[in-house]
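Reckoned from all heavy atoms, side chains included, excluding hydrogens, waters and symmetry mates. Heads up: numbering here begins at 1 and tracks the sequence.
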Amino acid sequence: MMIFYSANNAPHARLKTLSYVFRVLIPVAFIFIITAGPLLSRPLEVGPHLTMRKLGTYLDYYVDRDGTTGIDEVSSRAWQKKFRPLQQEDFSFGFTDAAIWLRAAVVNRTGRDFDWILECEYPLIDDICFFAPEAGSHTSVCTGDLKPFSMRPVKSRTFEFPVTSPPDESAYYIRMSSGGAMNISFTAWTREELRDKNTHESVLLWIHYGIMIAFIIYNLFIFLSVRDLSYLYLSLFTLSISFGTMSLNGLAFQYLWPEVPAWGNIANLVFTGFNGIFAILFTRTFLETRARMPRYDRFLLAAGVYIIGCFLLFFFKYEYAVRIMSFNIGIILLVLISCGLYLMLKGSRQARFFMLGWLGLLLGAMLMVLHSFGVIHEAFFSVWGVQIGTTILVILLSLGIADKINIMSREREQALEASRDAEEKYQALIETTDTGYAIFDEPGRVIDANMEFVRLTGHLTIDDIIGKTSERWFQQPEKIELFGAMLEKQGFIRDFEIDFVHQNGTTVPVEFNATAIETTEGKRILAICRDITNRRAIFENLMSSLHQKEVLLKEVHHRVKNNLQIISSLLNLQANKITDAGTLRLYDDMNNRIRAMSIIHERMYQSSDFARVDLADYIRTIADDLRATYATNCPRCEMIFDTTPIFMELTHAIPCGLMINEILTNTFKYAFTPDFTGSPAIVIALHETDDDGVELIIGDNGVGLPDGIDPEKVESLGLNLIHLLAQQLRGTLAIDRTDGTRYSLRFTLTHYA
């Protein structure tokens with residue numbers, strides 16, 4: 001059958017070709033890469049020359065995905081092709097549910113049996129079985145941290161398997177499975193070398209834990225002495241991290257709970273959680289994050305609650321708890337180091353100790369992880385990095401708290417010294433001031449006083465008034481009763497005037513300020529008083545002078561008003577002799593302007609405030625006067641007022657009144673001509689604006705200005721005055737000629753309370 005491809009089918013054909021290439025060539029390439037190296041590791045040769053040998057490069061591995069493969073299948077000839085060389089001294093399969101099979105080929109050329117020890121250095125494997133060949137089959141030794149410690153072939157914190165290798169070549173198998181990390185780290189030892197190594201490690205471990213115990217007890221005792229929570233949290237953190245590292249290196253399972261494997265399996269994770277909680281609590285108190293970083297402090301609290309919530313994972317699957325708690329370790333380290341770095345950059349001295357300590361632990365943990373994954377070779381710091389890091393951390397944090405306490409002690413001493421200096425200065429000030437000072441107990445007896453108070457009471461020495469009640473000097477029972485009631489109600493008294501009566505009958509007016517306080521010895525009243533004899537005399541003189549000035553100002557305003565009225569009357573008399581209508585209107589306009597100024601002085605004369613006038617009331621008076629004057633022009637004219645009281649200085653009121661006079665005069669004269677047929681109305685609005693200004697609006701519904709008149713350029717005296725007065729007020733004037741004439745004036749003024 002022939003297949004024809006059109007132009008549209010060409011891309012589809014190319015895609016099928018590429019798909020075929022990827023399906024065939026990539027697996028072939030993968031197989032080539034896998035098989036490029038040796039299929040099996042070289043055998044391990046044992047004999048008298050063997051002291052210590054890392055087995056990573058001598059091991060082959062097979063990943064049993066479902067964990068059902070047995071030793072008979074794994075050791076069969078057909079199964080050998082499934083093994084691959086490990087090719088690393090230390091390796092980690094990470095978190096996996098699969099079982100890992102390891103195979104080691106061992107060659108014994110001594111011609112006789114040779115005894116040696118196989119050690120698994122990672123003590124957190126749940127299940128590990130060692131299979132040795134024997135008579136065509138295999139013997140097995142199984143242990144792990146899910147089995148009691150007594151089942152271990154060698155009572156050691158790590159997994160040790162005694163091996164007796166016969167002459168020639170033998171194959172040994174190891175099966176491992178774990179809910180935690182699957183770290184592969186095996187070493188071959190002679191018995192003597194392993195014993196020396198264990199002795200050396202035990203010395204180092206107990207030195208480390210001896211230091212930790214010493215700091216736990218030290219910080220706990222310091223906490224009991226100074227009650228600083230930082231010491232308590234550091235002590236608990238040191239305790240939890242000690243148990244955590246003991247669980248991590250197998251010491252806890254060996255010595256603390258050897259027959260409780262269920263607890264030993266999760267102990268490391270539990271103590272990891274407690275490490276995070278106590279580290280957060282210590283950080284909050286030591287770095288004072290609540291005061292220095294309130295938002296970050298709330299984040300730390302949330303992180304602590306999250307870690308507590310993670311404990312619920314132990315009621316579910318263990319594998320989930322292992323992964324999440326391992327993730328939490330890194331997150332907590334980053335959170336705490338970022339907090340310390342931020343405060344260190346801000347200049348915090350304590351943050352330097354904090355940062356150095358946590359960076360030391362982080363470095364040690366990184367070295368251990370890199371060693372576990374085979375990135376770096378075994379060395380002292382890669383093996384003991386965590387122990388060294390935790391020791392440095394606890395030492396530096398303890399030194400940091402001690403430094404903080406020393407700084408606080410120096411600051412306290414400086415504060416006490418400053419307090420003593422201030423007290424001496426205060427005492428000198430109290431004794432030299434012209435203000436009386438006294439302390440009374442609740443019944444009113446004098447406990448302490450200065451010499452000015454002694455003088456005010458009419459005595460010579462302080463001993464004359466100590467223990468005496470204040471009623472001896474107060475001869476005004478109603479004021480004494482009021483004094484006590486106010487003090488009881490408010491807890492303090494301000495500017496209370498009363499007279500002290502001396503033994504010779506003379507009186508001294510004083511002003512009292514008192515405050516009631518609670519002390520360990522009971523209620524006390526702190527009082528200061530000042531002789532106000534001179535102040536009263538000055539006040540009386542000022543009141544007398546003020547009264548005289550008020551009378552004088554009233555007289556001035558009265559005389560100015562009378563003089564303006566005289567001028568107005570003279571103009572009226574002169575106007576009676578004028579027959580020319582145009583000239584008469586000029587006299588009337590002049591008279592209205594004088595009347596507007598006269599009203600201001602009349603208001604000042606009648607008011608008790610000589611500095612300001614109510615503009616709203618002033619407007620009504622001017623408007624009423626003008627309506628009466630021009631009643632013949634607009635007999636039915638309605639005045640609509642929309643005003644709020646606004647007080648202004650005389651310098652603002654006079655130009656404002658003149659402007660209102662000019663606008664209303666023009667309105668009465670020209671807005672309502674004989675041919676106007678509507679209902680005449682004039683609206684006057686006065687309000688404050690949002691920008692602390694004043695808006696004055698005067699509008700009418702009359703005929704409006706003629707179309708040919710430009711209000712900005714007209715040369716009439718009235719409109720010129722309106723513009724000039726607006727400029728004098730430093731305001732803006734707008735004239736709207738729609739449906740009548742509307743004047744809008746906006747200006748600012750000084751307000752008075």
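- Annotation for V510 and C529: closest pair CB-CB, 4.4 Å, computed over non-hydrogen atoms.
- The number of heavy-atom neighbours closer than 6.0 Å to CZ of F496, taken from other residues, nucleotides and ligands shown, is above 12.
- Summarising the geometry, atom CG belonging to L416 is positioned 12.0 Å from atom CD belonging to E411; distances are rounded to the nearest 0.5 Å.
- Across all non-hydrogen atoms, the minimal contact from G340 to A351 is O-CB, 3.5 Å.
- For the pair N450 (side chain) and G436 (backbone), a donor-acceptor distance under 3.5 Å is absent.
- Rounding to the nearest 0.5 Å gives a distance of 11.0 Å between CZ of F747 and CG of L725.
- F215 and Y218 have perpendicular rings, their planes meeting at more than 60° on a 0 to 90° scale where under 30° would count as parallel.
- When side chains are defined from C-beta on, E288 does not count as touching L343, because their heavy atoms never get closer than 4.5 Å.
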Exercise for review: Would you please test R530 and T435 for side-chain hydrogen bond (donor to acceptor under 3.5 Å, both in side chains) and show each step?
Suggested key: CA-CA 5 Å; R530 181 183 291 273; T435 300; 2.8 Å; yes

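- Annotation: side chain of L729 is in contact with side chain of L745 (closest heavy-atom distance under 4.5 Å).
- Contact of the I407 side chain with the R349 side chain is registered, since non-hydrogen atoms from C-beta on lie closer than 4.5 Å.
- Between E511 and R535, at least one side-chain nitrogen of the basic residue sits less than 4.0 Å from a carboxylate oxygen of the acidic one, meeting the salt-bridge criterion.
- The one candidate from I277, T283, L281, L393 that meets the side chain to side chain contact (heavy atoms under 4.5 Å, CB included) condition with F237 is L393.
- Put simply, the residue from T238, L234, L236 that forms a side chain to side chain contact (heavy atoms under 4.5 Å, CB included) with I216 is T238.
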Review point. Can you check side-chain hydrogen bond (donor to acceptor under 3.5 Å, both in side chains) on S338 and Y296, steps first, answer last?
Key: CA-CA 10 Å; S338 63; Y296 200 94; 2.8 Å; yes

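- Pairing each heavy atom of C339 with each of T289, the nearest pair is SG-CG2, 3.8 Å.
- In this structure, R445 forms no cation-pi arrangement with F440, as its terminal cationic atom is not both closer than 6.0 Å to the ring centre and no more than 45° off the ring axis.
- Y306 OH: more than 12 foreign heavy atoms inside a 6.0 Å radius.
- Between L239 and I213, the closest side-chain pair of non-hydrogen atoms is not below 4.5 Å.
- A salt bridge between R420 and E417 is present, with a side-chain N of the basic residue lying under 4.0 Å from a carboxylate O of the acidic one.
- Looking at S235, its side chain never comes within 3.5 Å of a backbone N or O of Y231 through a donor-acceptor pair.
- With T533 as the partner, the side chain to side chain contact (heavy atoms under 4.5 Å, CB included) test is satisfied by one option alone out of I538, T507, V508: V508.
- For the pair R730 and T748, the minimum side-chain heavy-atom distance is 4.5 Å or more.
- The closest donor-acceptor contact from the side chain of H208 to the backbone of S242 lies at 3.5 Å or more, if one exists at all.
- Here the two rings, on F243 and F271, have centers that are under 6.0 Å apart.
- Classification of D297 and R292 as a salt-bridged pair fails, no side-chain N sitting under 4.0 Å from a carboxylate O.
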Practice item. Could you walk me through whether I517 and L526 pass the side-chain contact (heavy atoms from CB on, under 4.5 Å) test, one step at a time? Key: CA-CA 8 Å; I517 60 172; L526 305 181; 3.9 Å; yes

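- Residues N275 and I241 share a closest heavy-atom pair of OD1-N, 2.9 Å.
- Residue F282 holds its CZ atom at 8.5 Å from CG of N219, rounded to the nearest 0.5 Å.
- A salt bridge is absent between D441 and K523; no separation between the charged side-chain nitrogens and carboxylate oxygens falls under 4.0 Å.
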Exercise for review: Dump the intermediate steps for salt bridge (charged side-chain N to carboxylate O under 4.0 Å, His left out) on R455 and E452, then the final yes or no.
Suggested key: CA-CA 5 Å; R455 185 191 68 79; E452 177 62 16; 2.7 Å; yes

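- Between L300 and V335 there is a side-chain heavy-atom pair separated by less than 4.5 Å.
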